[in-house]
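On a predicted model such as this, the values are computed, not experimentally measured, just so you know. Hydrogens, waters and symmetry mates are skipped; everything else that's a heavy atom, side chains included, is used.
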Amino acid sequence: MEGTYKYSYKTGESLSNALSVYNTGYQKCEPGYQWGPGVRNHYCIHHVIAGTGYYEVHGNRYQLEAGDTFILYPDTEVKYYADQEKPWEYTWVGFEGADAGILIGATDFSPERPLIRRGTLPDLEIRRQLQKIYEVKGSDYESAAAMTGALYTLLAVFLHYAVKKEPIRDVQMTYVRKAQDYIQLNYSYPITIEDVASYVGISRSYLFRSFQVCLKQSPKEYLTDFRIQKARHLLRETSLSIAAIAYSVGFENNLYFSKAFKSRTHMSPSAYREVSVGESSKGFNLSR
């Protein structure tokens with residue numbers, strides 16, 4: 001379709017454990033252009049500049065227009081697509097890191113309501129900050145730092161306009177975020193949930209309840225999911241043996257690693273590597 005465009009940039013390796021940009025860009029879609037159904041392994045915020053589109057997640061379908069903003073959560077199946085008559089134009093940033101979940105948890109986004117309607121946020125400021133992230137893109141340390149700084153500024157806008165959450169949930173989320181920080185920095189060691197609870201300063205049972213309330217999963221499930229996520233990266237990007245990867249992400253038992261990996265990806269580690277390498281060799285662009 002005449003007038004459509006797509007400009008995007010995907011970073012290389014993350015240079016920060018706290019927060020880093022994964023990809024960024026902007027796009028004017030052709031009628032019916034669709035992404036998904038599929039999942040991302042990072043957060044991704046989209047802000048609609050013009051036109052109309054649709055976002056489907058958790059069985060819900062949202063119609064979105066200029067000024068609306070929506071977010072993709074990691075490991076959550078979604079689908080979004082442009083209207084046939086008035087296809088949308090949007091800009092986006094994908095990001096990850098220990099601070100990502102903490103910051104998003106303090107905004108008005110939630111897994112139950114992963115969008116913010118127009119009129120709630122300053123549209124021009126959101127666009128300006130997203131454009132800034134794209135403008136300073138680059139793979140060196142200076143550019144990575146500039147992108148992260150611009151991303152923090154963008155997220156600060158969402159924080160400023162957020163409605164306050166319930167106090168009890170705030171306390172539980174604080175514990176969960178502290179636990180996430182510990183896990184994300186120490187997952188490669190043979191840590192236990194008792195270690196995590198001790199670091200946070202609460203009992204194992206209260207940590208479990210907090211995770212169930214805030215993330216709908218147990219601390220052990222979160223730890224295993226995080227380790228598998230890192231293992232997937234190593235399988236795609238390195239030639240390390242399966243056993244070496246298992247140890248690198250905190251599994252001391254290779255058989256248990258393979259079982260946990262298959263339960264979450266429906267493939268063995270070796271099969272996942274074979275498929276990933278095969279896709280890469282075909283030149284697929286998986287940044288969008």
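With hydrogens and angles ignored, the 3.5 Å screen pairs no side-chain donor or acceptor of Thr148 with any backbone N or O of Ala146. Of the possible polar contacts, one joining the Thr107 side chain to the Ile104 backbone as a donor-acceptor pair under 3.5 Å is found. In this structure, Ser143 contributes its side chain and Asp140 its backbone to no donor-acceptor pair below 3.5 Å.
The aromatic rings of Trp92 and His46 lie parallel to each other, with less than 30° between the two planes, well short of the 60° mark.
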Step-by-step side-chain contact (heavy atoms from CB on, under 4.5 Å) determination, Ile45 to Phe109: CA-CA 10 Å; Ile45 290 175; Phe109 290 122; 4.1 Å; yes
For Glu252 and Phe257, what are the C-alpha separation, side-chain angles and deciding distance, and is it a side-chain contact (heavy atoms from CB on, under 4.5 Å)? CA-CA 8 Å; Glu252 294 188 306; Phe257 165 67; over 6 Å; no
Assess the residue pair Leu115 and Arg113 against the criterion (side-chain contact (heavy atoms from CB on, under 4.5 Å)); give the C-alpha distance rounded to whole Å, side-chain angles, the decisive distance to 0.1 Å, and a yes or no. CA-CA 6 Å; Leu115 70 153; Arg113 186 71 175 174; 3.9 Å; yes
Output, in order, the C-alpha distance, side-chain angles, deciding distance and verdict of side-chain contact (heavy atoms from CB on, under 4.5 Å) for Thr11 and Phe95. CA-CA 10 Å; Thr11 64; Phe95 52 96; over 6 Å; no
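Atoms CD1 and CZ, on Ile191 and Arg227 in that order, are 5.5 Å from each other to the nearest 0.5 Å. Distance check: Glu125 CD to His47 NE2 gives 11.0 Å after rounding to the nearest 0.5 Å. Taken to the nearest 0.5 Å, the SG atom of Cys214 stands 4.0 Å off from the CE atom of Met173. Residue Arg204 holds its CZ atom at 8.0 Å from OG1 of Thr192, rounded to the nearest 0.5 Å. Rounded to the nearest 0.5 angstrom, Ile228 CD1 and Glu221 CD are separated by 13.0 Å. Rounding to the nearest 0.5 Å places CE of Met147 at 12.0 Å from NZ of Lys132.
Asn23 approaches Cys44 most closely through the heavy-atom pair OD1-SG, 4.4 Å. Closest approach of Thr91 and Gly25 over heavy atoms only: OG1-O, 3.0 Å. Between Leu159 and Leu103, the closest heavy-atom pair is CD2-O, 3.6 Å. Here the shortest heavy-atom pairing between Tyr187 and Ser248 reads CE1-O, 4.2 Å. Summarising the geometry of Arg273 relative to Ile245, their closest heavy-atom pair is NH2-CD1, 3.4 Å, with the distance given to 0.1 Å. The two residues Ala66 and Ala50 come nearest to each other via the heavy atoms CB-CA, 3.9 Å.
Phe226 and Tyr189 end up in the same hydrophobic cluster when Ile, Leu, Val, Met, Phe, Trp and Tyr side chains are linked at under 4.5 Å. Residues Trp88 and Ile49 are members of separate hydrophobic clusters, defined by side-chain heavy-atom contacts under 4.5 angstrom among Ile, Leu, Val, Met, Phe, Trp and Tyr. Side-chain heavy atoms closer than 4.5 Å link hydrophobic residues (I, L, V, M, F, W, Y) into clusters, and following such links, possibly through other members, connects Tyr206 to Phe211. Linking Ile, Leu, Val, Met, Phe, Trp and Tyr residues whenever their side-chain heavy atoms come within less than 4.5 Å places Tyr256 and Ile242 in a single cluster. Tyr81 and Leu64 fall into different hydrophobic clusters, defined by Ile, Leu, Val, Met, Phe, Trp and Tyr side-chain heavy atoms under 4.5 Å apart, directly or through other members.
Within the 4.5 Å cutoff, side-chain heavy atoms of Asp225 are placed close to those of Gln217. Residues Ile193 and Leu223 meet the side-chain proximity criterion, which asks for heavy atoms closer than 4.5 Å. Within the 4.5 Å cutoff, no side-chain heavy atoms of Asp68 are placed close to those of Ile116. Put simply, the side chain of Arg232 reaches to within 4.5 Å of the side chain of Phe261, judged on heavy atoms. The shortest side-chain heavy-atom distance between Ser20 and Glu96 falls under the 4.5 Å cut-off. By the 4.5 Å heavy-atom criterion applied to side chains, Tyr22 and Arg40 are not counted as neighbours. Counting heavy atoms from C-beta on, the side chains of Arg236 and Tyr272 come closer than 4.5 Å. The closest side-chain heavy-atom distance from Leu151 to Leu19 is below 4.5 Å.
Atom OH of Tyr5 has more than 12 heavy atoms from other residues, nucleotides or ligands within 6.0 Å. Annotation: Lys178, atom NZ; neighbour count of heavy atoms from other residues, nucleotides and ligands within 6.0 Å is above 12. Taking a 6.0 Å sphere around OH of Tyr247, one finds it holds 12 or fewer heavy atoms contributed by other residues, nucleotides or ligands. Residue Glu85 places its CD atom among 12 or fewer non-hydrogen atoms of other residues, nucleotides or ligands, all under 6.0 Å distant. The environment of Tyr55 atom OH is dense: over 12 non-hydrogen atoms of other residues, nucleotides or ligands sit within 6.0 angstrom.
Separation of the Tyr43 and Tyr73 ring centroids falls under the 6.0 Å cut-off. Outside the 6.0 Å centre-distance limit, the rings of Tyr134 and Tyr7 are not counted as a close aromatic pair. Annotation: Tyr62 is not in aromatic contact with Phe70 [ring centroid separation under 6.0 Å not met].
Side-chain contact annotation: Tyr54 with Gln34, donor-acceptor N/O pair under 3.5 Å absent. A donor and an acceptor atom, one from each side chain of Ser198 and Asp195, are nowhere located under 3.5 Å apart.
The only option from Glu135, Arg128, Gln129, Arg127 that meets the side chain to side chain donor-acceptor pair (under 3.5 Å) definition with Gln131 turns out to be Glu135.
Checked for salt-bridge contact, Arg118 and Asp123 miss the test: no charged N lies under 4.0 Å from a carboxylate O.
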